[in-house]
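Remarks on the structure that follows.
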Number of protein chains: 2
Amino acid sequence: MTSTPLSRSAAKDLTRRKLIRAALAILDEEGEAGLTTVKVAKAAGIAQSSFYVHFKDMQELLRVLAEEGGRRLRHSMREARRAAREAPGDLERHRDTFRIPLEAVCRHPELLRIQLRARHDPSSSLRDFAKETAAAYREHHAADLAALGYTADDEHGRRRLEMIADGINAATNALAIGHLEGRYPDLDEAADILVALSRGALRLLRSGSGRDEGPRPPGPDGPERHDQL
Amino acid sequence: MTSTPLSRSAAKDLTRRKLIRAALAILDEEGEAGLTTVKVAKAAGIAQSSFYVHFKDMQELLRVLAEEGGRRLRHSMREARRAAREAPGDLERHRDTFRIPLEAVCRHPELLRIQLRARHDPSSSLRDFAKETAAAYREHHAADLAALGYTADDEHGRRRLEMIADGINAATNALAIGHLEGRYPDLDEAADILVALSRGALRLLRSGSGRDEGPRPPGPDGPERHDQL
DNA sequence: AATTTCACCGATAGTACTATCGGTGAAATT
DNA sequence: AATTTCACCGATAGTACTATCGGTGAAATT
């Protein structure tokens, strides 16, 4: 139990990490309003005034938190895309396209919640972080669509792709939250729902670039294409 | 420009409404963190201390705000459902099922934003309001599905319906926000996306109560059923 | 061994906000 | 006309938090 004495810089670094960890926990449990130098410092085991040895002010801590969180999420997402590419069959890959982002998001529940909150809070310092994260998710889905050959050439088509990515993204987050709250215990089931929703969107894209033409006879369409996303 | 002198109670009522209106504006512009008795009272044109003539504390004002907001949103939603029932053709009714909730939500942008924020904020006093609102939306969509005969009898089926309603609801909010931010100028286009997403979900429901069976040959299914939601 | 650096400490001034209190004048009641 | 009520006011005590400052002792450097 006797710990080797740390060098000064190593000790400082440890304290800094404790502060960040404490801040993240408080942010998740009490929200941005509950995040004070008093609470963070106390939770990290140092005096309130010592907070300023590590950060200029709470702003700066939040900025660091956002950077760190962004890095973690992007890493999760990259992993997810890599794993999805390596999935065995077409069917598995299909569901994985949605299950893996779901899992990535669920792996950092506090970041997800913080992001969803900050997204629409004008007073939040994490708003940019939230917007960037949302944009990254949108790109993820947009890339999936592009990989299937659904590229948009006109304004209307681009907007349509963006709306679909936006909608699927929102649904992904909603199902992830539901999973974290215990309402949807099985992520595979959630992934199936996302697969189904996206299939509807693909049918729309296939139906041409114009407005929804109404009742479209569900004739035979390319089966391999039908199954990719 | 000479205003008739108001009775004492009428004047008090007017001030109260001014406070509520001011609070709503501040809440929307600066978030819950920016909502103080100082700002609200000043914006309503009275002294800070007079705030307490109308409300016990900020908690109570927030409670009133939530009740009022909830009432407004429920009213909007009822109107929406009524209008959807009265829509002319099947096709129009189909799109209206989604366009009208979109419009209802967009009619009270500040309530939408406040709701989305409060939803995941543990420190928010409006969390219950947000949860109730989300539940109301879910019921709206669940009712639509039930009207089409998609009733669930087992645990798995019920959860599936709930997930679909949850997902569509999240997508609706996301597209509404996009519309309010100017990214999706045309609500009809947004409604088309929602129609498409929901069609995918319906196909999943029609495919049976088991897991997603994978590539399902898009054979002819009942066209009128296909077009209802 | 002497000196310097620096992570951390307690104390504290400053800021922002809440919520109470006594006072005031016009409306309402008698 | 006399009295009471009450919406609103300014002043202010109390609370919570921020951010600075001088001090301290152990690590780092000389």
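So you know, we letter chains A, B, ... as the sequences are listed, proteins then strands, and number each from 1. Any value given below was found using the heavy atoms of this structure, including those in side chains, with hydrogens, waters and symmetry copies removed.
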Check: Which residue pairs pass the side chain to side chain donor-acceptor pair (under 3.5 Å) test with at least one member in residues 25-46 of chain B, sequence neighbours excluded?
Finding: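 Of all non-adjacent pairs touching residues 25-46 of chain B, those that pass side chain to side chain donor-acceptor pair (under 3.5 Å) are B/Asp28-B/Arg113, B/Glu30-B/Lys39, B/Glu32-B/Ser124, B/Thr37-B/Gln48.
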Residue matched to C/dA27 through Watson-Crick or wobble contacts both under 3.5 angstrom: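 Checking every strand shown, C/dA27 finds its partner in D/dT4, with both distances under 3.5 Å.
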- Query: Which one is paired to D/dA11, where only Watson-Crick or G-U wobble pairs with both distances under 3.5 angstrom count?
  - Reply: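 With both distances under 3.5 Å, D/dA11 matches C/dT20.
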Taking B/Lys131's backbone N and O only, do any of them form a donor-acceptor pair with B/Asp128's side chain (distance below 3.5 Å, no angle check)?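 Answer holds: no.
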Fill in: Any donor-acceptor N/O pair, A/Asp57 side chain to A/Glu60 backbone, under 3.5 Å
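Confirmed, A/Asp57 side chain pairs with A/Glu60 backbone.
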Margin query: I want to confirm an ordering. Mapping B/Gln48 and A/Ser49 to their closest nucleotides on DNA chain D, which one lands closer to the 5' end?
Written below: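 The residue whose closest nucleotide sits nearer the 5' end is B/Gln48.
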To the nearest angstrom, how far is [X] atom [atom1] from [N] atom [atom2]?
{"X": "B/Glu60", "N": "C/dT18", "atom1": "CD", "atom2": "P", "answer": "15 Å"}
{"X": "A/Met58", "N": "D/dC17", "atom1": "CE", "atom2": "C1'", "answer": "10 Å"}
{"X": "B/Gln59", "N": "C/dC17", "atom1": "CD", "atom2": "P", "answer": "17 Å"}
{"X": "A/Tyr52", "N": "C/dT12", "atom1": "OH", "atom2": "C1'", "answer": "14 Å"}
{"X": "A/Asp57", "N": "D/dT18", "atom1": "CG", "atom2": "P", "answer": "10 Å"}
{"X": "A/Phe51", "N": "C/dC9", "atom1": "CZ", "atom2": "P", "answer": "14 Å"}

Between the side chains of [Y] and [X], is the shortest nitrogen-to-carboxylate-oxygen separation below 4.0 Å, so that they form an ion pair?
{"X": "B/Arg95", "Y": "B/Asp192", "result": "yes"}
{"X": "A/Arg159", "Y": "A/Glu162", "result": "no"}
{"X": "B/Arg138", "Y": "B/Asp166", "result": "yes"}

Protein heavy-atom contacts under 4.0 Å, written 5' to 3' over nucleotides 2-8 of chain C as B (base), S (sugar-phosphate only) or - (none), form the string ---BBSB
Hey, could you give me the OG/CG distance between A/Ser9 and A/Leu14, rounded to the nearest 0.5 Å?
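CG of A/Leu14 is found 11.0 Å from OG of A/Ser9.
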Exercise. Heavy-atom count around B/Arg21 CZ within 6.0 Å, excluding the residue itself: above 12?
Worked result: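 Incorrect, the count does not exceed 12.
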Note to self: Using the side-chain heavy atoms of A/Ser7, tell me which of these nucleotides is nearest: D/dA28, D/dC9, C/dA19.
What the structure shows: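 In terms of side-chain proximity for A/Ser7, the closest of D/dA28, D/dC9, C/dA19 is D/dA28.
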With the threshold set at under 4.0 Å for non-hydrogen atoms, list the residues of residues 23-42 of chain A touching DNA chain D in residue-number order.
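When residues 23-42 of chain A is checked for heavy atoms under 4.0 Å from DNA chain D, the hits, listed by number, are A/Thr36, A/Thr37, A/Val38.
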Worksheet entry | Minimum heavy-atom distance A/Leu102-A/Ala190, with the two atoms named |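 Closest approach of A/Leu102 to A/Ala190: CD1-CB, 3.8 Å.
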